[in-house]
Amino acid sequence: PQGTKLLRDIDPKGSSSPSPLGPLPGNGFAFAATEPEHGTEAWVTYGSAASTRLLADVSVWPQPRNQGSDPELLCELDGRLFLMADDGSRGRELWSFDVRSQQLRFEREFVTGAPSSKVFVLGQVRGALLVHAETDKGWQVFRRNPINAQYEALSDAAFFWYLPRPLGVSLGDQVFFTGPWGELWS
């Protein structure tokens, strides 16, 4: 259609199948896309061909099996982009990307030695990131302390048998998610 343009042909030999990850400061957004060299990884764009690029290659999968890190649900907080991704050795864990320094950082493994903590970003409240992860106690909600960047369990309560689905909605001091019995929790 008139007025539309291809920003970048990420996979010239096929479809890159972009899917949104979340907004970025400065009118940009992050998305997951697939291409042969890196597999499915996080990309960013600010609306131009020059600004559309690979955010970071999290995956260490060897070629030719490189499937990528399959990133999900991105949240921006204080110049850091938080996402869940599988690097091929730790399983699905929490990662962050510092927008200013352009550095990727592994945030935390909530269950050491497990195939994956299956971490999910729930959102942010009052400048603190909230994540939900599987631990040796079951599913727990953690708050990332904005002062020391340490993750603190919000309570001893854990969902031992249910994986909540983040709704990606926060209002004031509340983050909403679907919890046990498919009901709305906060």
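One-based numbering along the sequence shown.
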Practice problem: Carefully, step by step, assess Ser59 and Ser69 under the rule side chain to side chain donor-acceptor pair (under 3.5 Å). | Solution: CA-CA 5 Å; Ser59 176; Ser69 67; over 6 Å; no
Practice problem: Please state whether the rings of Tyr151 and Phe110 are parallel, tilted or perpendicular, taking 30° and 60° as the class boundaries. | Solution: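 Because their plane-to-plane angle is over 60°, the rings of Tyr151 and Phe110 count as perpendicular.
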Practice problem: Check step by step if salt bridge (Lys or Arg N to Asp or Glu O under 4.0 Å) holds for Arg92 and Asp86. | Solution: CA-CA 4 Å; Arg92 189 163 224 58; Asp86 184 345; 5.3 Å; no
Quiz item: Around Ile147, counting heavy atoms of other residues, nucleotides and ligands shown, do more than 12 lie under 6.0 Å from its CD1?
Solution: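 No, because the 6.0 Å sphere around CD1 of Ile147 holds 12 heavy atoms or fewer from other groups.
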Quiz item: Got a sec: does the CG of Asp9 have more than 12 other heavy atoms crowding it under 6.0 Å?
Solution: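 More than 12 within 6.0 Å, yes.
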Quiz item: Within 45° of the ring axis of Tyr46 and under 6.0 Å from its six-membered ring centre, is that where the NZ or CZ of Arg53 lies?
Solution: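 The answer is no; the distance or angle limit is not met.
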Quiz item: Between CD of Glu37 and CG of Asp11, what distance do you get to the nearest 0.5 Å?
Solution: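 Atom-to-atom, Glu37:CD and Asp11:CG are 11.5 Å apart.
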Self-check item: Full working for side chain to side chain contact (heavy atoms under 4.5 Å, CB included) between Asn145 and Glu152
Solution: CA-CA 7 Å; Asn145 186 316; Glu152 307 155 348; 3.0 Å; yes
Ignoring hydrogens and angles, write down the donor-acceptor pairs under 3.5 Å from the side chains of residues 12-23, residues two or more places apart or on other chains.
from: Ser15; atom 1: OG; to: Ser17; atom 2: N; distance (Å): 3.2
from: Ser15; atom 1: OG; to: Ser17; atom 2: OG; distance (Å): 3.3

Self-check item: With sequence neighbours excluded, residues passing side chain to side chain contact (heavy atoms under 4.5 Å, CB included) with Phe106
Solution: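 Partners of Phe106 by the side chain to side chain contact (heavy atoms under 4.5 Å, CB included) criterion, ordered by chain and then number, come out as Arg90, Glu93, Trp95, Glu109.
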Quiz item: Linking I/L/V/M/F/W/Y whenever any side-chain heavy atoms sit under 4.5 Å apart, do Val119 and Leu129 land together?
Solution: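 They do share one cluster, since a chain of ILVMFWY contacts under 4.5 Å joins Val119 to Leu129.
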Practice problem: Report yes or no: do Glu35 and His38 form a side-chain donor-acceptor pair below 3.5 Å? | Solution: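 On atom types as modelled, these side chains qualify, holding a pair under 3.5 Å.
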